[in-house]
There are 2 protein chains.
Amino acid sequence: MTLDEALQLLKDKGFKYTGKREEIIRICAKEKRYLSAKDIMERMKENYPTLSFDTVYRNLSTFVELGILEETELEGEGKYRLTCTTHGHHHHVICTGCGKTTTLASCPMTVIPQIPTDFTVTGHKFEVYGTCKECS
Amino acid sequence: MTLDEALQLLKDKGFKYTGKREEIIRICAKEKRYLSAKDIMERMKENYPTLSFDTVYRNLSTFVELGILEETELEGEGKYRLTCTTHGHHHHVICTGCGKTTTLASCPMTVIPQIPTDFTVTGHKFEVYGTCKECS
DNA sequence: ATTCGTAATCGTACTTATTCTGATTTGCCA
DNA sequence: TGGCAAATCAGAATAAGTACGATTACGAAT
């Protein structure tokens with residue numbers, strides 16, 4: 001997903017354009033890594049010194065609902081990154097130091113033998129954790 | 001892992017025997033599901049009405065370190081269940097309603113094509129989420 | 001059995017992430 | 001350009017988890 005695609009999606013869905021929304025997406029688009037709400041707020045403080053964290057949290061969940069961002073829960077806090085649409089559905093290797101990610105080619109759901117039939121499957125999570133070169 | 005194995009492990013590692021420790025493990029051993037710290041405290045209030053949550057949290061992390069319990073982070077809180085040692089390393093289908101689990105036969109790490117070489121892998125998480133019969 | 005050191009627990013205060021609320025501001029459409 | 005709903009603000013509230021000083025109790029040594 002690109003910045004422009006995300007802004008277009010917001011417009012299509014009837015959400016208003018605000019500079020803060022653009023900047024949140026811009027920040028996420030700039031880095032191939034998961035960021036926490038705090039990380040994002042910090043980066044925004046320069047342009048929006050009076051930013052309220054309510055704004056960040058609210059927009060982050062909006063973006064997740066719209067599929068602009070993907071969310072994961074790591075080390076007790078929510079982390080966010082721009083949805084990668086380039087390679088279809090896939091998973092990530094995540095650096096536990098800095099949140100940096102790389103893409104894994106396949107999804108285990110296609111190769112897992114059988115899911116018990118007494119569960120209605122609603123989702124799945126597959127993440128590989130590690131330390132990237134810079135962090136080790 | 002059984003209750004007795006867990007208690008033996010505690011003894012071997014030089015931890016003291018306490019009724020609270022036994023009860024935490026007993027509670028987890030009784031259910032094939034992930035429980036939150038709060039769930040566990042609630043179940044203990046009957047026998048230990050003055051229980052401090054510090055005790056529960058501290059013991060839960062001790063047990064995770066010792067491999068007696070496995071932990072996952074779900075819906076903003078830590079969830080715990082007795083480590084299943086019967087089938088070796090494996091993963092779970094988890095009911096998002098009640099935490100109930102069933103076992104998945106294989107681990108995706110064995111079938112995932114290639115992990116990028118610029119990451120030192122430290123761990124992974126594979127969970128399938130769904131709704132069990134009772135919760136749907 | 002009694003003593004004693006240390007680990008475990010208690011009670012409570014604190015931290016941190018996140019959500020809520022009511023008042024104010026601001027996009028955007030007519 | 002006026003008005004309304006959406007967005008933001010500021011700060012209070014919630015909730016999970018951690019820290020800490022004081023007390024209790026396990027279990028080893030006597």
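First the proteins, then the strands, lettered A, B, ... as listed; each starts at 1.
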N/O contacts under 3.5 Å, protein versus nucleotides 15-18 of chain D?
from: D/dA16; atom 1: OP1; to: B/K38; atom 2: NZ; distance (Å): 2.6
from: D/dA16; atom 1: OP2; to: B/K38; atom 2: NZ; distance (Å): 3.4
from: D/dG17; atom 1: OP1; to: B/G78; atom 2: N; distance (Å): 2.6
from: D/dG17; atom 1: OP2; to: B/Y57; atom 2: OH; distance (Å): 3.0

Using a 3.5 Å distance criterion without hydrogens, assess whether the side chain of A/T120 forms a donor-acceptor pair with backbone atoms of B/G130.
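No: the side chain of A/T120 does not pair with the backbone of B/G130.
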Residue pairs fulfilling salt bridge (Lys or Arg N to Asp or Glu O under 4.0 Å) with at least one residue in residues 82-91 of chain B, sequence neighbours excluded:
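For residues 82-91 of chain B, and leaving out neighbouring residues, there are no salt bridge (Lys or Arg N to Asp or Glu O under 4.0 Å) pairs at all.
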Provide the full list of salt bridge (Lys or Arg N to Asp or Glu O under 4.0 Å) pairs with a residue in residues 68-79 of chain B, sequence neighbours left out, each pair given once.
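Every pair satisfying salt bridge (Lys or Arg N to Asp or Glu O under 4.0 Å) with a residue in residues 68-79 of chain B: B/E75-B/K79, B/E77-B/K79.
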So, is A/R58 near the phosphate of D/dT8, with a side-chain N or O under 4.0 Å from OP1 or OP2?
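Affirmative; the distance criterion is met.
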Side-chain polar contacts of residues 19-28 of chain B - donor-acceptor pairs under 3.5 angstrom, sequence neighbours left out - could you list them?
from: B/R21; atom 1: NE; to: B/N59; atom 2: OD1; distance (Å): 2.8
from: B/R21; atom 1: NH1; to: B/K16; atom 2: O; distance (Å): 3.0
from: B/R21; atom 1: NH2; to: B/N59; atom 2: OD1; distance (Å): 3.3
from: B/E22; atom 1: OE1; to: B/Y17; atom 2: OH; distance (Å): 2.6
from: B/E22; atom 1: OE2; to: B/R26; atom 2: NH2; distance (Å): 2.2
from: B/E23; atom 1: OE1; to: B/N47; atom 2: ND2; distance (Å): 3.1
from: B/E23; atom 1: OE2; to: B/N47; atom 2: ND2; distance (Å): 3.0

Which residues pass the side-chain hydrogen bond (donor to acceptor under 3.5 Å, both in side chains) test with [X], sequence neighbours left out?
X: B/Y129; answer: B/E127
X: B/D54; answer: B/R58
X: B/K133; answer: none

Suppose the criterion is side chain to side chain donor-acceptor pair (under 3.5 Å): which pairs have a residue in residues 94-103 of chain A, not counting sequence neighbours?
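Side chain to side chain donor-acceptor pair (under 3.5 Å) check on residues 94-103 of chain A returns A/R81-A/T101, A/K100-A/E134.
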For residues 4-14 of chain A, run the donor-acceptor check on the side chains, cut-off 3.5 Å, and write out each pair with its distance to 0.1 Å, sequence neighbours left out.
from: A/E5; atom 1: OE1; to: A/T2; atom 2: N; distance (Å): 2.9
from: A/Q8; atom 1: NE2; to: A/D12; atom 2: OD1; distance (Å): 3.0

B/H91: partners by ring pair (Phe, Tyr, Trp, His ring centres under 6.0 Å), with sequence neighbours left out:
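Applying ring pair (Phe, Tyr, Trp, His ring centres under 6.0 Å) to B/H91 gives B/H89, B/H124, B/F126.
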Could you list where the contact with chain B starts and ends along DNA chain C, reading 5' to 3', using a 4.0 Å heavy-atom cut-off?
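Taking any atom under 4.0 Å from a heavy atom of chain B, the span is C/dG5 to C/dA13.
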Contacts to DNA chain D from residues 10-24 of chain A, heavy-atom cutoff under 4.0 Å, which residues?
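DNA chain D contact set from residues 10-24 of chain A: A/F15, A/K16, A/T18, A/K20, A/R21.
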